[in-house]
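A short worksheet on the structure shown next.
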Amino acid sequence: MLTKKNKRMVRKMKKYIKTFPLTEKEIDQMIEDITGMAEEAQERNENFETVLGKSVHEFCDDLIYSVGGIRAPGGRKLIRGTSIYFQLLGLWGIVGCLINVCFLAGERVHTLWMLAIAIGIWYLGHYGEANCNNTEKTKQLTAGIVVCSPSRGQ
């Protein structure tokens, strides 16, 4: 029986592995192997993270590549960071608009437009962060970056 910490790690690894286009059989086999590794580490009183020798995501990336020949698309960290930035920017705009309306008696029409834009920016960030670990969505999210890249065609 796995400890809560090891169960949580295996669950996290399973969630990450499921973002790749693998068959259910391949995913189940990987999770079975990972669970076995966690149980063996636990029996030897070793830390499962130490046994992996690298971060959970790096370990899963290597495992997925060895089984399915699939590499994690680049840009996941960039998308996550940019998405968090947009979420914070949107929240800052929402709070600013609410302060303007409630305390500063600002012009309501312009503030409502700004509030709508701030909510849109926040949602864009939320969508990007929620889908940055999904292989298909990551390709869609980075398509605009490739098209708009200044080094394209050089």
Side-chain angles (χ1 to χ4, degrees), residues 1-99 114-154:
M1 188 72 173
L2 292 175
T3 63
K4 284 186 180 181
K5 182 179 178 184
N6 287 344
K7 280 183 185 177
R8 194 175 21 227
M9 281 186 63
V10 170
R11 209 174 313 121
K12 182 178 179 182
M13 294 168 95
K14 182 178 182 177
K15 183 178 176 184
Y16 181 72
I17 290 170
K18 282 190 162 209
T19 65
F20 290 88
L22 299 167
T23 65
E24 282 298 317
K25 184 179 178 183
E26 291 172 328
I27 292 171
D28 291 341
Q29 181 62 47
M30 282 188 232
I31 298 306
E32 189 177 307
D33 293 343
I34 291 169
T35 304
M37 287 176 64
E39 288 171 348
E40 288 175 12
Q42 198 170 296
E43 287 173 5
R44 293 188 311 261
N45 292 326
E46 293 179 347
N47 187 350
F48 184 45
E49 290 178 85
T50 308
V51 170
L52 292 178
K54 45 182 98 171
S55 76
V56 170
H57 290 286
E58 288 175 354
F59 180 82
C60 288
D61 286 342
D62 290 345
L63 183 64
I64 290 165
Y65 181 69
S66 68
V67 170
I70 300 168
R71 287 253 184 234
R76 284 183 178 205
K77 289 182 182 178
L78 178 63
I79 291 173
R80 173 172 248 122
T82 305
S83 299
I84 291 171
Y85 170 77
F86 275 109
Q87 286 182 22
L88 293 173
L89 184 66
L91 287 175
W92 182 68
I94 291 168
V95 169
C97 290
L98 294 175
I99 288 172
M114 290 305 295
L115 181 63
I117 291 169
I119 290 171
I121 290 172
W122 173 84
Y123 180 76
L124 176 69
H126 174 72
Y127 180 81
E129 185 181 11
N131 292 302
C132 69
N133 282 333
N134 184 321
T135 307
E136 292 303 315
K137 294 288 184 178
T138 302
K139 289 177 185 174
Q140 292 172 0
L141 292 168
T142 57
I145 295 169
V146 173
V147 170
C148 298
S149 176
S151 62
R152 188 172 180 261
Q154 291 181 355

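Remember, it's a predicted structure, so these values are computed and weren't measured experimentally. Computed from heavy atoms alone, side chains included, the values below leave out hydrogens, waters and symmetry copies.
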Taking side-chain hydrogen bond (donor to acceptor under 3.5 Å, both in side chains) as the definition, give me every residue that meets it alongside K5, ordered by chain and number, with sequence neighbours left out. E49

Assess whether side chain to side chain contact (heavy atoms under 4.5 Å, CB included) is satisfied between V51 and E40, documenting all intermediate values. CA-CA 10 Å; V51 170; E40 288 175 12; over 6 Å; no

Atom pair [atom1]/[atom2] of [X] and [Y] - distance to nearest 0.5 Å:
| X | Y | atom1 | atom2 | answer |
| --- | --- | --- | --- | --- |
| N47 | L52 | CG | CG | 9.0 Å |
| L115 | I119 | CG | CD1 | 4.0 Å |
| T35 | M30 | OG1 | CE | 12.5 Å |
| K14 | C60 | NZ | SG | 12.5 Å |
| M37 | E46 | CE | CD | 10.5 Å |
| I121 | I94 | CD1 | CD1 | 9.0 Å |

Shortest non-hydrogen contact from A118 toward G93: CB-C, 3.7 Å

Locate the shortest heavy-atom distance separating Q42 from T3; write the atom from each residue and the value. OE1-N, 3.0 Å

Using the test salt bridge (charged side-chain N to carboxylate O under 4.0 Å, His left out), find all partners of K15 that sit at least two apart in sequence or belong to another chain. none

Surrounding CZ of F48 (heavy atoms of other residues, nucleotides or ligands, distance under 6.0 Å), is the total greater than 12? yes

